[in-house]
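Each residue takes its place number in the sequence, starting with 1. Since the structure is predicted, the reported quantities are computational estimates derived from the model, not experimental observations.
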Amino acid sequence: MKKNKQTDSHKKITKSLSFQFMQNISIQIASFIFQIILARILDPNDYGILSIVLIFINFANVFISSGYGNSLIQKTESDIIDFSTMFIFSFCISIFFSIVIFLFAGLISSYYE
């Protein structure tokens, strides 16, 4: 019985990892195609400005998502308090980074001219 339980566990883990891998690959492919389309449409100067903005957005997303959503999904006994806490935490972190980027916008624009 114990071996069967481990086999089921390994199958679930393998399935979860493969799904996560495919999700990440599809996001990267879609992002790459989108960037090629934008590079063809926009002027080089406008594309450079967009790229700078995307750098800061992606940097902030690292801290906003921070893996709590995945851990909440994998938790077996999640309740409304867990989901509310995750929402409030992500919201506060995103507000914090928005304020920081707003305050340093002048310095960032002067650095990139």
Side-chain angles (χ1 to χ4, degrees):
M1 181 74 177
K2 194 172 195 179
K3 186 171 183 154
N4 191 16
K5 194 173 193 180
Q6 285 179 340
T7 307
D8 290 341
S9 168
H10 287 280
K11 286 181 183 178
K12 287 180 183 178
I13 290 171
T14 305
K15 187 176 180 180
S16 174
L17 287 175
S18 63
F19 180 74
Q20 186 72 28
F21 178 74
M22 292 304 293
Q23 179 183 7
N24 288 340
I25 291 295
S26 62
I27 289 172
Q28 293 294 327
I29 290 171
S31 176
F32 181 70
I33 291 170
F34 183 68
Q35 287 180 7
I36 289 174
I37 292 170
L38 281 179
R40 296 285 184 192
I41 294 173
L42 297 175
D43 295 335
N45 191 24
D46 293 336
Y47 185 74
I49 292 171
L50 180 66
S51 298
I52 291 170
V53 170
L54 287 175
I55 288 170
F56 290 105
I57 289 172
N58 288 331
F59 181 73
N61 276 337
V62 168
F63 294 102
I64 291 168
S65 63
S66 63
Y68 289 117
N70 289 336
S71 64
L72 188 59
I73 290 170
Q74 293 176 1
K75 187 177 177 183
T76 56
E77 299 175 6
S78 300
D79 58 358
I80 192 71
I81 294 173
D82 294 331
F83 288 104
S84 297
T85 303
M86 179 59 211
F87 174 74
I88 297 296
F89 177 75
S90 295
F91 185 73
C92 290
I93 294 293
S94 62
I95 293 295
F96 171 75
F97 276 106
S98 297
I99 290 170
V100 167
I101 290 173
F102 178 77
L103 292 176
F104 287 103
L107 289 171
I108 294 168
S109 67
S110 66
Y111 177 76
Y112 287 107
E113 297 177 1

Check your understanding: Does Ser109 reach the main-chain N or O of Gly106 with its side chain, forming a donor-acceptor pair under 3.5 Å?
Key ->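 Answer holds: yes.
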Distance check, rounded to the nearest 0.5 Å: [X] atom [atom1] versus [Y] atom [atom2]?
X      : Y      : atom1 : atom2 : result
Ile108 : Ile101 : CD1   : CD1   : 6.5 Å
Ser18  : Ile25  : OG    : CD1   : 12.5 Å
Asn24  : Phe21  : CG    : CZ    : 8.5 Å
Phe83  : Ile88  : CZ    : CD1   : 14.5 Å
Leu50  : Asp43  : CG    : CG    : 12.5 Å
Asp46  : Ser51  : CG    : OG    : 10.5 Å

Are [Y] and [X] connected into the same hydrophobic cluster when the rule is that any two of I, L, V, M, F, W, Y join if their side-chain heavy atoms are below 4.5 Å apart?
X      : Y      : answer
Phe89  : Val100 : yes
Ile55  : Leu107 : no
Phe102 : Ile99  : yes
Tyr111 : Ile49  : no
Phe32  : Leu54  : no

Point to revise | Test side chain to side chain contact (heavy atoms under 4.5 Å, CB included) applied to Ser84 and Ile80, Ile81, Asp82, the passing residue | key: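 Among the candidates, only Ile80 passes.
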